[in-house]
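Read the structure below first, then the notes.
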Amino acid sequence: MPGFEMFGALERAEVQDVLDSGVLMRYGFDGMRNGHWKARELEQALAARMNTRFAQTVSSGTAALTVALASAGVGAGDEVIIPTFTFVASFEAVLALGAIPVLTDIDETLCLNPSAVEKAITGRTKAVMPVHMCGSMADLKPLKAICDRHDLLLIEDACQAIGGSYEGKPLGSYGDVGCFSFDYVKTITCGEGGGLITDNETFYRNADHYSDHGHDHVGSDRGAESHPFLGYNFRISELNAAVGVAQIRRLDEFLRIQENHYGILAESLAGLEGITMRKIPVTGVQNYSFLNFFLPSEALARNAHKALAAAGIDGCFYWYDNNWHYYRKWEHLTELKTLGSVSPEVQEKLSGLKDLTFPSSDHWMGRNLSCLIKLGWSREEVAQRGEKIKNVLREVLGAA
Ligand SMILES: *Cc1c(COP(=O)(O)O)cnc(C)c1O
């Protein structure tokens, strides 16, 4: 993370194709576009890389989640199980459809805890949406078993873990639908953009139509297309998709760099008494965009976070206090601060949220630090960084 560090000639050439034809839109204008269909090309590359039958690109990762849920039939009043540690997009997508986000505990994977998910299921639950945070993944097999048993959809948010895998399957391809973000700070980026993958032809067709006002995309006269159902506009532009076409070709190169840097940092922390690594499911392979570890207590994690910053080590996050990623700071959600009114069922279901606490999520998040892995570091810089982190942590732990 993030792919913008590596922008160069490849990205420029793809964007130039679009500028040369002047067709910035992904649909229509067939005669003018010099054969360039960047969004389509990105979809083909995404499906091929992720081993799925279909891919649909959209305007953002948040749009991908919204379109995925809508395309799989989630609607007003349905409950969707999401983790307490995620990005605000998880509940935004659910709420946008009039559905109800149900916050649920994470465990030492930093992702949804399967037994907490089982307990959160009600007669109105429609989907479970694990979020593969900070480069690693939820334990998908037990989650899928629960979904199968209760006839629920499994929608993977793989926005932060593109290129990782589980049981040999690319993250995002294990559940019914998988979602990616190509926003500016993700492992591969379009500036703004997102995508979803699926093997389900109906969900794919729904996503294709829904993300473009319900257009059925039959024939070559856009104005004459019909609308089998209501949709919305979540289209990606050709300019953004062009950047993505270049970046997805570089995904595996980026992953190798991240893994390399991760290895060096992890090596320097190995054997540090008091530091434990985040749990990676046995069959999981990370995308290595973050190094995540636990300290023995919340107080020590806070000290370590401060000490790392003071030592000039940037990019180490203490998510427990973070406004975007952890439920403790989501007053706008828990107090349901909306511009307009919401449906009585959303109101009712979310009214208890501000009194809810999640001690087992707090147990893990309160002790966790997450250090970003950059692509642009030299080998020497990474080694020095690892050395510095080790020394800072040793000092913090020694002073305990
Ligand atoms: C970035 C991100 C999103 C949303 O992506 P945008 O493209 O910024 O809308 C969703 N979920 C997670 C976990 C993310 O990190």
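First listed ligand is number 1; within each ligand, the first listed atom is number 1.
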**Asked** Less than 6.0 Å separating the ring centroids of H217 and Y27?
**Response** yes

**Prompt:** Hey, do the aromatic rings of Y327 and F358 have their centres closer than 6.0 Å?
**Reply:** yes

State the atoms of ligand 1, each with its element, that fall below the 4.0 Å cut-off from a heavy-atom position in [X].
X: S60; result: 7 (O), 9 (O)
X: V131; result: 13 (C)
X: A89; result: 4 (C), 10 (C)
X: G61; result: 4 (C), 5 (O), 6 (P), 7 (O), 9 (O)

**E192 to ligand 1, any heavy atom closer than 4.0 Å** = no

Looking at [atom], what's its closest protein heavy atom, distance included?
atom: atom 15 (O) of ligand 1; answer: Q160 NE2, 2.9 Å
atom: atom 2 (C) of ligand 1; answer: K186 NZ, 2.9 Å
atom: atom 5 (O) of ligand 1; answer: S181 OG, 3.1 Å
atom: atom 9 (O) of ligand 1; answer: T62 OG1, 2.5 Å
atom: atom 3 (C) of ligand 1; answer: F87 CD2, 3.5 Å
atom: atom 8 (O) of ligand 1; answer: D183 OD2, 2.6 Å
atom: atom 11 (N) of ligand 1; answer: D157 OD2, 2.8 Å

**Item:** Salt bridge present between E381 and R385 (N-O < 4.0 angstrom)
**Value:** no

**Request:** Using side chain to side chain contact (heavy atoms under 4.5 Å, CB included) as the criterion, point out the one residue from I100, L333, V342, T338 that pairs with L95.
**Result:** L333

**Asked** Should T86 be counted as touching ligand 1, given the test is an N or O pair under 3.5 Å?
**Response** no

Within the supplied structure, the quantity of interest is the number of heavy atoms (other residues, nucleotides, ligands) at a distance under 6.0 Å from [X] [atom1]; does it exceed 12?
X: E92; atom1: CD; value: yes
X: Y232; atom1: OH; value: no
X: F7; atom1: CZ; value: yes

**Nearest-0.5 Å distance, CD1 of residue I264 to CD of residue E267** = 9.0 Å

In residues 177-184, what donor-acceptor pairs under 3.5 Å come from side-chain atoms, sequence neighbours left out?
from, atom 1, to, atom 2, distance (Å)
S181, OG, D183, N, 3.0
D183, OD1, V185, N, 3.0
D183, OD2, K186, NZ, 3.2

